[in-house]
Amino acid sequence: MEQKFYSLEFFPPRTQDGAANLVSRMDRMNKGKPLFMDVTWHAGMLSASSNTCSSMTIASTAVNYCGIDIMLHITSDGLSKTDLREIFHAAKTHGIRNILALSGDNNSPNSEFRYASQFCCMDKRRIWRPICVTFCSEVNCTLYIVQ
């Protein structure tokens with residue numbers, strides 16, 4: 001018998017009140033038992049920061065205070081290798097173990113990544129252990145489970 005599931009995706013708000021409301025809503029929606037919840041990358045700010053409205057803070061709060069399985073959904077647009085290392089290190093530190101990495105609408109001339117698959121050229125073992133990372137481009141998706 002085929003087992004059905006669903007997931008929920010959220011975009012971080014821009015205010016502290018909105019962030020508190022979102023986390024409360026995520027906690028209530030978790031009672032419906034989604035397989036996971038996705039927190040979309042907030043391109044308007046440094047999303048790995050400890051700012052209350054950052055993607056990392058929302059995802060970390062959902063994992064550590066609400067017990068929700070979270071997937072951090074990031075884009076490579078405008079990121080450097082240093083930025084990405086910091087983001088993955090922060091995710092690991094905050095208990096986030098699932099990351100969806102997209103190439104995004106690579107409009108930034110400053111981006112070191114034209115395609116999400118270029119993320120995998122970085123030192124997976126040192127940075128990502130034990131994180132599950134899926135790299136998606138226009139052509140395919142590649143799943144890495146780094147133990």
Side-chain angles (χ1 to χ4, degrees), residues 3-106 108 110-113 115-137 140-147:
Q3 198 171 22
K4 296 185 180 190
F5 69 90
Y6 70 98
S7 64
L8 301 169
E9 181 173 5
F10 298 96
F11 187 82
R14 298 193 184 276
T15 66
Q16 289 183 358
D17 287 344
N21 183 42
L22 175 60
V23 170
S24 174
R25 193 171 303 261
M26 291 170 79
D27 192 35
R28 286 193 312 271
M29 291 181 149
N30 195 38
K31 290 178 174 73
K33 303 206 183 302
L35 185 62
F36 64 91
M37 292 185 196
D38 179 288
V39 177
T40 301
W41 196 242
H42 194 299
M45 68 173 64
L46 180 58
S47 294
S49 75
S50 59
N51 179 302
T52 307
C53 302
S54 75
S55 299
M56 190 66 68
T57 300
I58 298 291
S60 173
T61 302
V63 166
N64 295 300
Y65 295 100
C66 303
I68 298 171
D69 283 329
I70 289 291
M71 179 170 65
L72 187 59
H73 175 156
I74 68 172
T75 178
S76 66
D77 191 29
L79 295 179
S80 68
K81 289 179 182 178
T82 301
D83 293 335
L84 196 60
R85 283 187 183 101
E86 288 175 9
I87 291 164
F88 285 174
H89 178 73
K92 181 178 176 180
T93 300
H94 292 291
I96 299 164
R97 297 293 183 254
N98 299 294
I99 297 175
L100 172 62
L102 302 171
S103 60
D105 300 325
N106 199 346
S108 174
N110 299 328
S111 181
E112 292 184 38
F113 304 99
Y115 304 103
S117 59
Q118 291 173 313
F119 290 173
C120 68
C121 297
M122 296 174 55
D123 186 355
K124 294 187 292 284
R125 292 195 173 276
R126 186 170 57 94
I127 300 168
W128 302 339
R129 282 181 118 155
I131 296 178
C132 174
V133 183
T134 304
F135 302 102
C136 290
S137 65
N140 61 23
C141 287
T142 307
L143 173 66
Y144 289 93
I145 300 176
V146 184
Q147 298 297 328

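The residues of the chain are indexed from 1 along the displayed sequence.
- In this structure, Phe10 and Leu22 have side chains that are in contact, with non-hydrogen atoms separated by less than 4.5 Å.
- A 4.5 Å side-chain heavy-atom check between Ser55 and Leu72 finds at least one atom pair inside the cut-off.
- Side chains of Ile68 and Met26 form a contact here, defined as non-hydrogen atoms less than 4.5 Å apart.
- Separation of atoms CE (Met29) and SG (Cys66) is listed at 13.0 Å; rounding is to 0.5 Å.
- For Gln16, the CD atom is loosely surrounded, since the number of other residues' heavy atoms within 6.0 Å does not exceed 12.
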Exercise for the section: For Met56 and Ile87, run side-chain contact (heavy atoms from CB on, under 4.5 Å): C-alpha distance rounded to whole Å, both residues' side-chain angles, the deciding distance at 0.1 Å, then the answer. Expected result: CA-CA 8 Å; Met56 190 66 68; Ile87 291 164; 4.1 Å; yes
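- Contact of the Val39 side chain with the Ile70 side chain is registered, since non-hydrogen atoms from C-beta on lie closer than 4.5 Å.
- Under the 3.5 Å distance criterion, the side-chain polar atoms of Tyr65 are left unmatched by any main-chain donor or acceptor of Ser60.
- Counting only distance, with no hydrogens or angles, the side chain of Ser24 and the backbone of Ala20 share no donor-acceptor pair below 3.5 Å.
- Side-chain contact check for Phe11 versus Ile58: every heavy-atom pair is 4.5 Å or farther apart.
- Looking only at side-chain heavy atoms (C-beta outward), Arg97 and Val63 stay at 4.5 Å or farther from each other.
- One finds the CH2 atom of Trp41 at 5.5 Å from the CD1 atom of Ile74 (value rounded to the nearest 0.5 Å).
- Here the shortest heavy-atom pairing between Ser7 and Pro34 reads CA-CB, 4.4 Å.
- Counting only heavy atoms from C-beta outward, the side chains of His73 and Glu9 approach each other to under 4.5 Å.
- Few gaps surround OH on Tyr6; more than 12 heavy atoms of other groups in view lie less than 6.0 Å from it.
- Expressed to the nearest 0.5 Å, how far CG of Leu35 lies from NZ of Lys4 amounts to 15.0 Å.
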Problem - side chain to side chain donor-acceptor pair (under 3.5 Å) assessment of Thr57 paired with Ser54 - result: CA-CA 5 Å; Thr57 300; Ser54 75; 2.9 Å; yes
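- Counting all heavy atoms, side chain and backbone alike, Ala19 lies closest to Pro13 at N-CG, 3.2 Å.
- In this structure a side-chain-to-backbone donor-acceptor pair under 3.5 Å is present from Asn64 to His94.
- Met71 is not listed as a side-chain neighbour of Ile99, based on a closest heavy-atom distance of 4.5 Å or more.
- Atom CG in Asp27 sits 8.0 Å away from atom CE in Met37 (nearest 0.5 Å).
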